[in-house]
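Right, one structure below, let's go through it.
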Amino acid sequence: MRSETAQLIKLEDYKETPYVIENVSLVFKLQPEATEVISTLTLSRREGTEVGAPLELDGDELTLVSVAIDRAVLAEEAYEASPKKLVVHTPPADTFKLEVVTKVNPTTNTKLEGLYLSQGIYCTQCEAEGFRRITYYYDRPDVLSVFTTRIEADKATNPILLGNGNPKDAEDIEGTDRHFAVWHDPHPKPAYLFALVAGDLACTSEKYTTASGKPVDLNIYVEKGNEDRTDWSMDSLVRSMRWDEKVFGREYDLDVFNIVAVSAFNMGAMENKGLNIFNDKFILADSDTATDMDYEGIETVVAHEYFHNWTGNRITCREWFQLCLKEGLTVFRDQEFSSDERSRPVKRIADVIRLKSRQFPEDQGPLSHPVRPTEYKEINNFYTATVYDKGAELVRMIKTILGADGFRKGMDLYFERHDGDASTIEDFLKCFEDANQLDLSHFSLWYHQSGTPFVKANGSYDEAAKTFTLELEQNTAATPGQDEKKPFFIPIRFGLVGPNGDDLAYTSVEGAHVDGDLLHLTEDKQTVVFQGIGSKPVPSLLREFSAPVKLESTLSREDQIFLMRHDIDPFNRWQATQTLMTELLIELTNGEEPAGKDAFIEALGHMAEDENLDYAFRGFGLMLPSEQDIALEIGKEVDTDAIGKARDAFSKEIGVTLYDTFKRIYDAMEMPATFSPDALSAGKRALKLRCLSYLGAAQTKESAALTKAHFDNADNMTDRMGALTVLVIWQLAGAQDALKAFEARHKDTALAMDKWLSIAARAPSEDAIAAIRTLTEHPAFSWDNPNRIYALIGGFLGGNTRGFHAADGSGYDYLAEITLQLDKTNPQVASRMAKSFGTWKNMNAERRVKAEAALKRILAADQQLSTDVKEIVELCLD
Ligand code: 0A1
Ligand code: ZN
């Protein structure tokens with residue numbers, strides 16, 4: 001193996017920079033292969049820094065042209081420059097201007113970090129450490145400065161020139177075919193929020209007036225030809241802006257808000273100040289090419305990036321260890337926005353499904369880390385489900401513990417006290433403590449201690465004494481670097497459900513702090529006794545999923561079915577269904593015949609037909625845990641083939657048993673005449689498709705024909721893709737024709753073909769890898785575009801469990817091969833793929849041997865490994 005020895009970055013080593021950057025003036029002379037960047041920094045020595053202390057700036061793959069201080073070109077011995085660093089040995093004592101000229105090549109920048117060209121559009125991605133690939137700088141979030149940017153480019157190919165902040169000036173450059181634009185951002189910001197865009201773009205615009213009457217121009221820029229697919233993103237933006245004013249009292253603070261959608265982007269989107277740059281997947285939508293899930297995703301991501309303006313930009317992070325300060329909080333805010341716009345319980349279920357399928361596996365394997373980590377080698381590896389989604393759960397728990405008013409008081413204080421700061425999690429928590437006169441020190445352990453706590457609950461009723469006793473126990477398994485675990489402060493929302501389905505009141509309680517329906521579990525073990533309970537209750541615990549824990553309940557199957565039918569908390573009705581399904585599926589995987597299976601299937605039928613329930617809720621209720629979810633639940637010595645077979649058989653059994661029920665619901669569903677992405681219509685489509693998937697699983701002639709007809713008659717992507725998935729997964733008659741028809745219809749729309757690739761990647765196959773290799777040759781696929789890779793390779797790794805975890809190790813070998821291949825061009829994408837190795841230790845011995853060998857092969861390969869990939873592989877092997 002050849003690789004640079006990556007440094008371990010530690011939180012405890014944090015120090016302020018010796019110099020302060022007061023302002024930044026940048027000039028970009030854009031050329032596809034040799035862009036010149038002239039950076040003029042006004043610097044001053046920080047109090048306490050020795051006179052003449054060296055100035056060390058970060059760089060990455062930079063070519064230096066010249067360095068000057070106060071307009072005098074520096075002699076060669078006065079500085080040292082490498083692609084990774086610029087050191088000025090003895091800077092002047094006080095304020096001085098450093099002018100640095102660098103050259104970069106946007107065309108060959110396949111990492112998509114720094115300045116790159118995507119389909120002829122110049123764009124930047126600077127979080128986390130991309131700015132250093134543009135010019136030498138203190139590329140860290142605690143260095144805030146005021147930026148002015150002048151962009152010069154060829155006018156014909158780049159008529160649109162965009163920067164951060166407000167537009168100041170724009171003119172042709174005399175005697176040339178070039179022009180320039182100047183942008184000024186009055187809000188001091190760290191370099192990771194810098195952005196520029198230049199290209200020939202189409203634009204949709206809208207006027208917005210903030211609550212206090214300030215006008216703002218909203219613009220969404222897209223590749224030409226896509227301008228009629230921005231209505232939904234613009235609508236989402238306007239609704240987000242209004243919501244943040246109403247719910248958090250936050251207004252927008254510039255004259256313009258620009259969004260640009262590009263097709264090559266590593267992540268979802270980026271909150272650059274006043275100039276958000278998006279992966280086009282999260283901007284473009286019309287009913288023919290986007291599913292209901294895409295519409296929801298766009299609403300969420302547009303809101304998320306907009307909300308960062310306050311939580312991330314106005315208040316940023318002191319260092320990258322504090323990433324959850326902006327990400328966890330902003331995810332919480334976007335979740336709340338979507339809950340208010342749609343159905344709150346349905347949104348909660350969707351968020352918990354995401355958490356359990358992405359964050360729980362991470363937290364129970366070798367990649368487990370605290371929400372606020374204390375060390376890393378490659379920060380790009382820490383944009384994780386733990387930082388984002390578990391981070392959001394922690395903010396949600398603060399709200400649960402404090403109540404809505406206490407939470408708002410804390411947030412108001414946070415905005416007031418830290419506006420303009422680069423802050424820490426400690427600063428954030430202190431605001432809730434100060435605003436509510438309360439001690440959150442025990443709670444703060446959630447930020448530092450990794451792992452998913454397992455909570456065991458055992459209830460018993462004493463009829464004579466009219467007491468209900470709840471024995472609670474928490475336990476968190478050791479995680480990498482943390483052998484000993486302390487008990488967490490776990491807020492448990494609960495109800496004691498009486499025989500008629502109503503919650504029973506208690507007269508008093510001992511053994512825990514209990515406030516109404518909220519119980520604080522703070523010790524390893526607690527026995528909580530409720531007095532005055534008139535009849536035997538069924539405890540409904542962790543309502544609304546009040547804490548990110550795994551609840552192991554000792555409830556009988558009858559009690560679970562009871563909760564499934566009667567709990568007043570919709571989340572726990574869904575959870576009871578899931579718990580039962582998981583238990584049954586594990587027993588079926590083990591070759592057992594589970595007790596209570598028939599009763600459960602019957603109850604599922606009732607739920608499907610219950611008109612009092614939301615359509616979307618019923619859709620979720622009917623959803624079986626994925627093969628990956630079951631594998632995680634089993635946890636060790638996993639045989640993915642056995643899981644897959646059991647799950648297929650159970651789906652089929654449900655489909656056959658409830659065939660008439662599903663057919664009735666399917667036939668009776670009244671759909672709106674024209675497509676609308678609203679929550680009600682989407683819920684109807686979801687339930688109808690869920691019924692279709694069970695009918696498909698029954699694999700009758702009639703159901704195959706029905707599914708094919710659903711596909712043929714679909715007037716929107718949700719129905720077309722839903723039916724195609726059923727045809728392909730169950731290998732029904734017409735599947736191949738449908739795949740061809742889909743391809744013919746959408747071959748020119750990359751985002752639609754991504755769906756085709758991901759469905760094809762999930763198709764059952766004797767030789768899944770051969771099938772994937774063939775698909776990589778398809779014209780719709782490209783190794784150069786992250787979305788194509790996420791669709792096909794990501795679709796395979798995440799959606800074809802049997803193929804990826806094939807016992808012969810072919811899936812692991814293939815992942816090793818493409819990790820190495822991708823690492824040469826785009827390390828971020830390579831390491832995201834490699835993270836799929838994260839569950840290898842849960843597999844059975846046969847598979848473990850193959851996975852370990854594949855991981856070792858990556859480390860031993862004769863090529864330079866990125867720190868991104870190396871860190872992930874080493875953690876997996878640890
Ligand atoms: N801050 C963005 C996500 C993002 C993170 C890293 C990136 O490059 C490494 C790009 C985007 C967000 O949370 O939306
Ligand atoms: Zn974010």
Side-chain angles (χ1 to χ4, degrees), residues 8-15 128 141-142 311 315-332 355 358-379 381-402 410 414 418 422-434 438-455 474-491 520-524 546-550 871 875 878:
L8 189 64
I9 317 283
K10 293 186 176 176
L11 172 59
E12 65 192 31
D13 294 340
Y14 172 78
K15 270 201 220 81
D142 64 338
T311 50
I315 307 178
T316 192
C317 304
R318 193 188 69 171
E319 11 65 24
W320 290 122
F321 295 104
Q322 315 296 334
L323 186 58
C324 64
L325 177 73
K326 72 179 179 84
E327 297 304 348
L329 177 54
T330 306
V331 171
F332 170 76
L355 183 84
R358 288 160 31 102
Q359 199 278 328
F360 277 25
E362 186 168 89
D363 226 357
Q364 290 168 46
L367 301 179
S368 174
H369 55 275
V371 172
R372 198 195 66 183
T374 51
E375 51 184 49
Y376 61 77
K377 284 186 179 160
E378 174 53 64
I379 185 56
N381 285 334
F382 282 82
Y383 289 80
T384 60
T386 298
V387 169
Y388 275 66
D389 300 332
K390 186 172 177 182
E393 291 300 317
L394 306 198
V395 178
R396 183 173 299 281
M397 280 194 285
I398 296 175
K399 183 169 178 189
T400 300
I401 293 165
L402 300 182
Y414 177 62
H418 292 291
S423 293
T424 63
I425 280 297
E426 283 74 15
D427 294 333
F428 178 66
L429 291 175
K430 185 90 172 44
C431 292
F432 293 100
E433 295 189 324
D434 290 356
L438 173 128
D439 177 7
L440 286 174
S441 49
H442 186 185
F443 177 81
S444 70
L445 185 66
W446 279 105
Y447 283 95
H448 313 301
Q449 188 168 275
S450 54
T452 306
F454 282 44
V455 174
Q474 60 165 306
N475 176 45
T476 306
T479 53
Q482 291 185 350
D483 293 339
E484 297 296 319
K485 299 287 185 181
K486 296 190 189 123
F488 285 101
F489 176 161
I490 303 177
H520 294 180
L521 172 62
T522 49
E523 314 287 333
D524 284 323
S546 57
V549 305
K550 204 175 156 316
E871 181 176 35
L875 286 171
D878 224 16

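Between T522 and I490, the closest side-chain pair of non-hydrogen atoms is not below 4.5 Å. Using a 4.5 Å cut-off on side-chain heavy atoms (C-beta onward), I9 and E375 make no contact. Side chains of P366 and D878 form no contact here, defined as non-hydrogen atoms less than 4.5 Å apart. By the 4.5 Å heavy-atom criterion applied to side chains, C324 and Y447 are counted as neighbours.
With rounding to the nearest 0.5 angstrom, the CG atom of L440 is 11.0 Å from the CE atom of M397. Rounding to the nearest 0.5 angstrom, the gap separating the OG1 atom in T386 from the NE2 atom in H369 is 4.0 Å. Interatomic distance, CG of L329 versus CD of E327, reported as 9.5 Å (0.5 Å rounding). The distance from atom CG of D524 to atom CD of Q474, rounded to the nearest 0.5 Å, is 6.0 Å. Taking CZ of R396 as the reference point, atom CG of D389 lies at 11.0 Å (rounded to 0.5 Å). Annotation: the span from F488 atom CZ to S444 atom OG amounts to 10.5 Å, rounded to 0.5 Å.
Shown here are the salt bridge (charged side-chain N to carboxylate O under 4.0 Å, His left out) partners of K377, two or more places apart in sequence or in another chain: E874. Remark: R318 engages no residue in a side-chain hydrogen bond (donor to acceptor under 3.5 Å, both in side chains) (not counting sequence neighbours). For L875, the side-chain contact (heavy atoms from CB on, under 4.5 Å) test picks out L367, E871, with sequence neighbours left out. A search for side-chain hydrogen bond (donor to acceptor under 3.5 Å, both in side chains) contacts involving K390 returns D363, not counting sequence neighbours. With sequence neighbours left out, T316 forms a side-chain hydrogen bond (donor to acceptor under 3.5 Å, both in side chains) with Y192. With sequence neighbours left out, the side-chain contact (heavy atoms from CB on, under 4.5 Å) criterion links T374 to L11. Residues forming a ring pair (Phe, Tyr, Trp, His ring centres under 6.0 Å) with Y388 (at least two apart in sequence, or on another chain): none. Residues meeting the salt bridge (charged side-chain N to carboxylate O under 4.0 Å, His left out) test with D427, sequence neighbours left out: none. For Y414, the ring pair (Phe, Tyr, Trp, His ring centres under 6.0 Å) partners at least two apart in sequence or on another chain are H418, F428. For D439, the side-chain contact (heavy atoms from CB on, under 4.5 Å) partners two or more places apart in sequence, or in a different chain, are E433, S441. Applying the side-chain hydrogen bond (donor to acceptor under 3.5 Å, both in side chains) test to T452 and every residue at least two apart in sequence or in another chain returns nothing. Every side-chain contact (heavy atoms from CB on, under 4.5 Å) that K486 has, sequence neighbours left out, goes to L445, Q449.
The two atoms that bring F332 and A392 nearest to each other are N-CB, 3.6 Å, heavy atoms only. Across every non-hydrogen atom of A128 and W320, the tightest pair is O-CZ2, 3.6 Å. Here the closest heavy-atom approach between residue G391 and residue V371 is recorded as CA-CG1, 3.8 Å. Looking at every heavy atom in both residues, P491 comes nearest to A547 through O-CB, 3.8 Å. What you find for I398 and F443 is that their closest heavy atoms are CG1-CE2, 3.4 Å.
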From CA spacing to verdict: side chain to side chain contact (heavy atoms under 4.5 Å, CB included), E319, D142: CA-CA 6 Å; E319 11 65 24; D142 64 338; over 6 Å; no

Side chain to side chain donor-acceptor pair (under 3.5 Å) between T330 and T311, intermediate numbers included: CA-CA 6 Å; T330 306; T311 50; 2.8 Å; yes

Side chain to side chain contact (heavy atoms under 4.5 Å, CB included) between F360 and L355, worked out: CA-CA 7 Å; F360 277 25; L355 183 84; 3.8 Å; yes

Pair Y376-K10, side chain to side chain contact (heavy atoms under 4.5 Å, CB included): steps then yes or no: CA-CA 7 Å; Y376 61 77; K10 293 186 176 176; over 6 Å; no

Check against side chain to side chain contact (heavy atoms under 4.5 Å, CB included), F489 and H520: CA-CA 7 Å; F489 176 161; H520 294 180; 3.5 Å; yes

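Checked against K485 for a side chain to side chain donor-acceptor pair (under 3.5 Å), the options N475, T479, T476 give a single hit: T479.
A donor-acceptor distance shorter than 3.5 angstrom exists from the side chain of Q322 to the backbone of I425, with no hydrogens or angles considered. In this structure, Q482 contributes its side chain and S450 its backbone to a donor-acceptor pair below 3.5 Å. Under the 3.5 Å distance criterion, the side-chain polar atoms of S368 are left unmatched by any main-chain donor or acceptor of Q364. With E393 contributing its side chain and V549 its backbone, the two residues share no donor-acceptor pair below 3.5 Å.
Between F321 and F382, the distance from one ring center to the other does not fall under 6.0 angstrom.
Remark: E426 engages R372 in a salt bridge, criterion side-chain N to carboxylate O under 4.0 Å.
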